[in-house]
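Read the structure below first, then the notes.
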Amino acid sequence: MLKRIREMIKNAIINAYGAVELPGLELTIAPEGMGDVATQIAFRLAKILRKNPFEIANRIAQSIKSPYIEKAVAVKPGYINIFLDNLFFEEFIKKIEDEGLSYFQEPKKNIKIQVEFVSANPTGPLHVGNGRGGIIGDVLGNLLKLEGYDVSKEYYVNDAGSKMDLFTDSIVYYYGKLCGIDTKFPEEGYKGEYIKNIAEDIYFKFKDRYAKNGKIDKEAIRDLGKDFMIWQIQKSLARFGVFFDTWFYESTLYKNGDVARTIEAFKKSGYTYEKDGALWFRTTAFGDDKDRVLVRKTGEPTYTLVDAAYHKNKWERGFRKAIDIWGADHFGHIIPMKALIQGLGIPEDFLDVIIYQIVHLYENSKEVMMSKHTGTFITLDELVSEVGKDAARFFFLLKSADTHLNFDMTLAKKESVDNPVFYVQYTYARLLNILKKSGVPIAKKSFNANKLSEREERALLNELIFIKENLENISRTYSVNKLPFLAINLCKSANSFYQKHKVIGADNETERLHLVNATITALSMLMDLMGIEKKEKM
RNA sequence: GCGCCCAUAGCUCAGUAGGAUAGAGCGGCGGAUUCCUAAUCCGCAGGCCACAGGUUCAAAUCCUGUUGGGCGCACCA
């Protein structure tokens, strides 16, 4: 709906000044008492046209004419404040009630986007940091779907690297012990209790089947350990409310020949050379500060090469945008990766990387190092058990990806009591209760926006008409942390309204029911988007 | 050393395509309930937006520098 207003302002500008190059037209909620919609476009135009912004605002305001707009006024330095006509609100309410949740669904854009996240090595349970990446990816995927993209959420399973060997050898050590075979515990092996548990689990199920003639079948142990871990990870993610469309195994890139093909493609690109027995790629030609090795002198491909093959695979699957969500410790990988995909003839902007800052763990005000190797970390499972799925999701979602997050388990437990997620759920439940109590099917009743003149009614209406605008903005900047604030603000307006004005039995009961109904639809959409449970009772 | 991220109320944090009086939650103080859920609402107190310069009609936001914290700079993943 606001799109129409934007079009009208654009037309007004063209009427007044001809075809000017518009630097982007941002609409905001006008300050209280100064209208409904505001724009500062006159300031932008002032620079281009070299004229006084107030003069420009005035001229635009005068040429804005539309049945949806009651009046447009230019204010002091150069704002244009627009008072919407009741017709606008009436059509808005009708549209959102007719279409329901699909009011927020943008038409299909036919662009395939892949969001890849979590992708933790299957060598240990997920920790709280994985939860942070998980929620960002999950919610961003949902949002992009809503914006009309063909979205696929993927988990990349690193099941072929050296970490996997360490993991295997760590299990083998304990499994061997159970079967009476002594092996050396790897120097950098995984020390967590779960390793022992996996070994015991394997022994319990298969006894010494994989330890014949004093030799342990490492391949079998590797596969069993991997499957066990992935199963664990999937379980943890499900409890956290995160689901993936696809699980992509690194090992398939070897099996299907992608790795070999990628090496050939790199060689053809003209950016490779041999040095010290290794194959290098000239990433410095694309802004990197040093070249990268693709194939080690041992003949083994590097992680970097395999990851390039993986992204080539994404491109060949038809994705035109790959959004990777990485922890800050992978930051250094961005520039080489972008260089590599360009070397493969893939446009640089195919890959967008969202970096989220590391989660620092505290216990009794002392920092705890998170490490799978030492086994000292708090798992995602523990977090979900302690504070609940919804509170855990909200906890991470509220914070923007690039702020450092200090995580204190005891604090998290305490904060879970007054977590804003309950505020949102409570608001939803009490609004829903009004509709239940009234028992009137409101759909058929006409809506007269004239009858909503109270301050709280108008504020809530204004909040509602801007939601689509805000969603679009959030999806463009990938800033999903703004979603909970959007929900909280909507709830604030809704609660102010609720507290002050009774709906049932009021003179304008019909109009208020429509307002409540539209608010529920919007809130419902936001909660779905964030993966927060909608409770009918609190 | 180089690159990137961060520094906003007592605490946890929002707020960057420069814009109207810098916001919220928690905590503190004071109010509101014969009525649809008080897990609510209303009000008050609390800010040299790390520091110093610069650009601009306008800077928390952009630029330069400084300080403090984090992350990265592998033939690991």
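Below, all heavy atoms of this structure are taken into account, side chains as well, without hydrogens, waters or symmetry copies. Order of the sequence lines fixes the chain letters, A, B, ..., with proteins taken first and strands second; residue numbering starts at 1 for each chain.
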Just the rounded figure in Å: distance from [atom2] of [N] to [atom1] of [X].
X      : N     : atom1 : atom2 : answer
A/I474 : B/A14 : CD1   : C1'   : 12 Å
A/I335 : B/G72 : CD1   : C1'   : 11 Å
A/W326 : B/C73 : CH2   : P     : 13 Å
A/I334 : B/C73 : CD1   : P     : 12 Å
A/I355 : B/G72 : CD1   : C1'   : 10 Å
A/D324 : B/A77 : CG    : P     : 17 Å
A/I358 : B/C4  : CD1   : C1'   : 13 Å
A/L486 : B/A24 : CG    : C1'   : 14 Å

- Query: Can you check whether A/T302 reaches A/R296 side chain to side chain, under 4.5 Å on heavy atoms?
  - Reply: yes

Between [options], which one does the side chain of [X] approach most closely?
X      : options             : value
A/K290 : B/A17, B/C73, B/C76 : B/C73
A/A328 : B/C71, B/A38, B/G15 : B/C71
A/R430 : B/A77, B/A38, B/G15 : B/A38
A/Q499 : B/A38, B/C36, B/G15 : B/A38
A/E250 : B/C13, B/A20, B/A77 : B/A77
A/D276 : B/C75, B/A14, B/C71 : B/C75
A/R44  : B/A14, B/G18, B/C41 : B/G18
A/D289 : B/C75, B/A38, B/C73 : B/C73
A/H333 : B/A20, B/G15, B/A77 : B/A77
A/D402 : B/C42, B/C6, B/G15  : B/C6

Would you measure the distance from the [atom1] atom in [N] across to the matching atom in [M] and give it in whole Å?
N     : M     : atom1 : result
B/C75 : B/U56 : P     : 47 Å
B/U55 : B/C73 : C1'   : 33 Å
B/G70 : B/G10 : C1'   : 24 Å
B/C26 : B/A17 : P     : 28 Å

Pair assignment for [N], Watson-Crick or G-U wobble, requiring both distances under 3.5 Å:
N     : result
B/G1  : B/C73
B/G18 : none
B/U55 : none
B/G43 : B/C29
B/A38 : none
B/A9  : none

Return no unless some side-chain N or O of [X] is found under 4.0 Å from OP1 or OP2 of [N].
X      : N     : value
A/N495 : B/C42 : no
A/K492 : B/G25 : yes
A/S400 : B/A14 : yes
A/Y423 : B/C41 : yes
A/S119 : B/A77 : no
A/K47  : B/A58 : no
A/R296 : B/A77 : yes
A/T427 : B/U40 : no

Between the side-chain atoms of [X] and the base atoms of [N], is any donor-acceptor pair under 3.5 Å?
X      : N     : value
A/K500 : B/C41 : no
A/H330 : B/G72 : no
A/H404 : B/C71 : no

Counting the atoms with a prime plus P, OP1 and OP2 as sugar-phosphate, which does [X] contact under 4.0 Å by heavy atoms, base, sugar-phosphate, or nothing?
X      : answer
A/A38  : base
A/P420 : nothing
A/M34  : base
A/R512 : nothing
A/E26  : base
A/N81  : base
A/K437 : sugar-phosphate
A/K399 : sugar-phosphate
A/Y426 : base
A/L305 : nothing
A/E509 : nothing

- Query: Of A/N473 and A/A160, whose nearest nucleotide on RNA chain B comes first from the 5' end?
  - Reply: A/N473

- Message: With nearest nucleotide decided by heavy atoms, which residue, A/N489 or A/K535, maps closer to the 5′ end of RNA chain B?
- Response: A/N489

N-O pairing of [X] and [Y] below 4.0 Å:
X      : Y      : value
A/E154 : A/K314 : no
A/E55  : A/R59  : no
A/D276 : A/K297 : no
A/K492 : A/E463 : no
A/K500 : A/E454 : no
A/D169 : A/K218 : yes

- Query: For the residue pair A/Y156 and A/Y310, does the interplanar ring angle fall in the parallel (under 30°), tilted (30 to 60°) or perpendicular (over 60°) class?
  - Reply: parallel

- Message: Under the side-chain contact (heavy atoms from CB on, under 4.5 Å) test against A/F396, which residue among A/I136, A/L405, A/N481 passes?
- Response: A/L405

- Task: May I ask you to establish whether A/K399 and A/F395 are in a cation-pi arrangement, using a distance under 6.0 Å from NZ or CZ to the six-membered ring centre and at most 45° from the ring axis?
- Result: yes

